[in-house]
**Q** 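My structure is below; once you've seen it, I'll send some questions.
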Amino acid sequence: MISIKEYVAPKTLDEALKVLESSKKATIIGGGAFLKLGSINISKAIDLSKLNLDFIKEYDNKIEIGAMATFGDIERSKVLKKYFNNALGLSVKDIVGVQLRNMVTVGATVYSRYGFSDILTCLLSLDTKVSLKKQGEISLEKFLIEGSNKKDILEKIIISKDGRKASFKSMRNSKGDYAILNLSVSKKDDTYLIAVGARPNRATLAYETIKYLKGKHIDETVIKKACEIIEDEITFGSNIRANKEYRKGLSKVLLKRALTEVVNYEN
Amino acid sequence: MKINLKINGEKKVFDVSADEYLADTLRKNGYLSVRKGCDTGSCGACTVHFDGKAILSCVMLSLRADGHEITTIEGVTKKAEKIGKYLVDEGVDQCGYCSPGTIMSILYLEKCIENPTDEEILHFMNGNLCRCTGYVGQLRAIKKYLEGKK
Ligand SMILES: Cc1cc2nc3c(=O)[nH]c(=O)nc-3n(C[C@H](O)[C@H](O)[C@H](O)COP(=O)(O)OP(=O)(O)OC[C@H]3O[C@@H](n4cnc5c(N)ncnc54)[C@H](O)[C@@H]3O)c2cc1C
Ligand code: FES
Ligand code: FES
């Protein structure tokens with residue numbers, strides 16, 4: 001159950017932040033879908049929908065996605081289809097249904113650092129920064145590890161348009177369910193970035209595997225070795241969807257598929 | 001608090017509380033086609049169109065909808081009846097609880113994808129659960145409706 005005393009829809013981010021800081025139980029409303037699942041008493045609900053933050057903008061060297069852009073916006077975005085082999089669009093396409101994706105927002109998902117998140121894993125395998133109203137720009141990698149050290153508002157995310165090839169893979173028990181595991185690989189020049197999420201903990205980079213693959217020509221032997229490294233270095237856990245041994249095994253399958261796809265894209 | 005909505009083309013003003021959801025506001029005001037199955041964003045029974053896009057009214061706060069246009073089955077009865085016939089013919093309208101939400105999604109599909117493939121239809125309809133029937137008959141019904149075979 002959610003209970004809300006007061007509802008405000010600020011016209012500026014400054015105003016939104018002021019309201020957020022005015023009360024301990026003031027809460028930002030993105031799409032509102034995840035808040036609906038929980039039980040929370042909200043003193044002031046801060047609706048961000050009047051701030052024009054639902055943009056996806058392309059610049060010379062970057063793409064900016066506003067906090068209120070929905071997964072539906074991402075899936076349909078002509079800009080995002082042009083880059084990273086549409087990995088971002090593909091990462092959200094199996095999340096529940098088209099109606100929910102028309103509501104849930106990037107800002108809420110990234111700020112909340114959900115372990116099950118599909119798009120977070122994909123973003124982490126790209127050169128991504130988060131832009132917070134108070135704390136400014138931080139790399140997504142750092143933000144995922146440290147979180148926000150104060151109550152803040154995520155304004156947008158910024159992705160370098162650096163010519164990366166990318167491939168996102170996930171495994172679900174059934175379509176529309178949460179992923180058992182997801183994994184995303186990107187390649188720029190001779191360097192790979194590999195992110196693993198829904199472990200079920202939040203997404204992390206596979207640092208050892210990334211180090212091993214740097215500069216390597218990808219063939220069966222290299223893939224086999226990379227799979228051995230990733231299953232050892234990543235901490236997997238168990239939940240109702242799968243146990244950690246299953247996730248371990250799955251990580252190798254998803255890595256092999258994603259690596260092979262990225263290399264094929266290059267050729 | 002007062003909200004102004006345009007529902008099925010008509011201007012409406014409703015008094016809502018800060019934590020009221022659109023599905024409840026609509027039902028309270030007579031739009032009984034809007035169903036609540038899960039009430040958590042998972043089943044699609046509460047699907048309505050919000051400024052032309054399909055959304056789940058059980059997870060949208062009514063105050064968010066202020067100043068926007070909503071379409072429910074009550075606003076598209078002719079089309080809904082036509083789609084309903086195809087669903088009945090294929091045996092995929094049994095208890096009927098899911099049908100309004102399903103039909104609102106089919107209308108949105110029609111708007112979004114021209115000549116969808118089977119895979120595209122199934123993917124598009126993923127957010128509408130039906131506990132009585134299956135999705136194969138539903139696929140047949142949608143294809144026949146889109147092909148205008150009747
Ligand atoms: C039924 C269901 C199934 C789902 N399945 C999946 C799945 O399979 N894979 C997946 O990746 N995701 C899944 N999700 C999660 C979904 O993709 C979103 O991540 C989630 O709903 C949060 O988005 P929202 O806009 O609804 O957030 P809200 O409910 O609006 O907010 C969530 C939290 O973020 C805070 N917040 C919102 N916006 C901001 C901002 N700009 N700055 C700071 N804080 C903010 C809010 O205060 C709140 O604490 C599912 C969600 C639902 C409801
Ligand atoms: S009642 Fe809204 S999605 Fe189930
Ligand atoms: S016909 Fe009963 S839930 Fe679909």
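Please read all numbers here as calculations on a predicted model, not as lab measurements.
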**Q** Who wins among A:S49, A:G72, A:A45, A:A33 for the most heavy-atom pairs under 4.5 Å with chain B?
**A** A:S49

**Q** Using non-hydrogen atoms only, which part of B:F50 is less than 4.5 Å away from chain A: side chain, backbone, both, or neither?
**A** neither

**Q** Counting heavy-atom pairs under 4.5 Å with chain B, which one of A:D47, A:T70, A:V104 comes out on top?
**A** A:D47

**Q** Can you see whether A:N85 engages A:S167 through a side-chain donor-acceptor pair at a distance of less than 3.5 angstrom?
**A** no

**Q** Checking heavy atoms, do the side chain of B:L61, its backbone, both or neither come under 4.5 Å from chain A?
**A** side chain

**Q** Give me the ring orientation class for B:F124 and B:Y108: parallel if the planes are under 30° apart, tilted from 30 to 60°, perpendicular past 60°.
**A** tilted

**Q** Which atoms of B:T47 are under 4.5 Å from chain A, going by heavy atoms: the side chain, the backbone, both sets, or neither?
**A** side chain

**Q** So for B:M1, is it side chain, backbone, both, or neither that comes closer than 4.5 Å to the heavy atoms of chain A?
**A** side chain

**Q** Which one, A:K5, A:K36, A:M1, leads in non-hydrogen pairs under 4.5 Å with chain B?
**A** A:K36

**Q** Look at B:L109, B:V59, B:L56 and state which one has the largest set of heavy-atom pairs under 4.5 Å with chain A.
**A** B:L56

**Q** What part of B:S105 lies closer than 4.5 angstrom to a heavy atom of chain A: side chain, backbone, both or neither?
**A** side chain

**Q** Quick one: are B:K36 and B:D24 in side-chain contact, heavy atoms under 4.5 Å?
**A** yes

**Q** Answer yes or no: is there an ion pair linking A:E261 with A:K169, defined by an N-O contact shorter than 4.0 Å?
**A** yes

**Q** Would you call B:K2 and B:D66 a salt bridge, taking side-chain N to carboxylate O under 4.0 Å as the test?
**A** no

**Q** Can you say whether B:C58 sits under 4.5 Å from chain A via the side chain, the backbone, both, or neither, judging by heavy atoms?
**A** both

**Q** Is it the side chain or the backbone of A:I42 that comes within 4.5 Å of chain B heavy atoms, both, or neither?
**A** neither

**Q** Sort out for me which residue in A:K134, A:K44, A:K151, A:K150 forms a salt bridge (Lys or Arg N to Asp or Glu O under 4.0 Å) with A:E21.
**A** A:K134

**Q** Start with the C-alpha distance between A:D94 and A:R172, add both sets of side-chain angles, then the distance that settles salt bridge (charged side-chain N to carboxylate O under 4.0 Å, His left out), and finish with yes or no.
**A** CA-CA 9 Å; A:D94 287 324; A:R172 292 172 145 75; 5.0 Å; no

**Q** Can you classify the ring geometry of B:F14 versus B:Y31 as parallel (below 30°), tilted (30 to 60°) or perpendicular (above 60°)?
**A** perpendicular

**Q** So which of A:E6, A:K50, A:K93 has the largest heavy-atom pair count under 4.5 angstrom toward chain B?
**A** A:K93

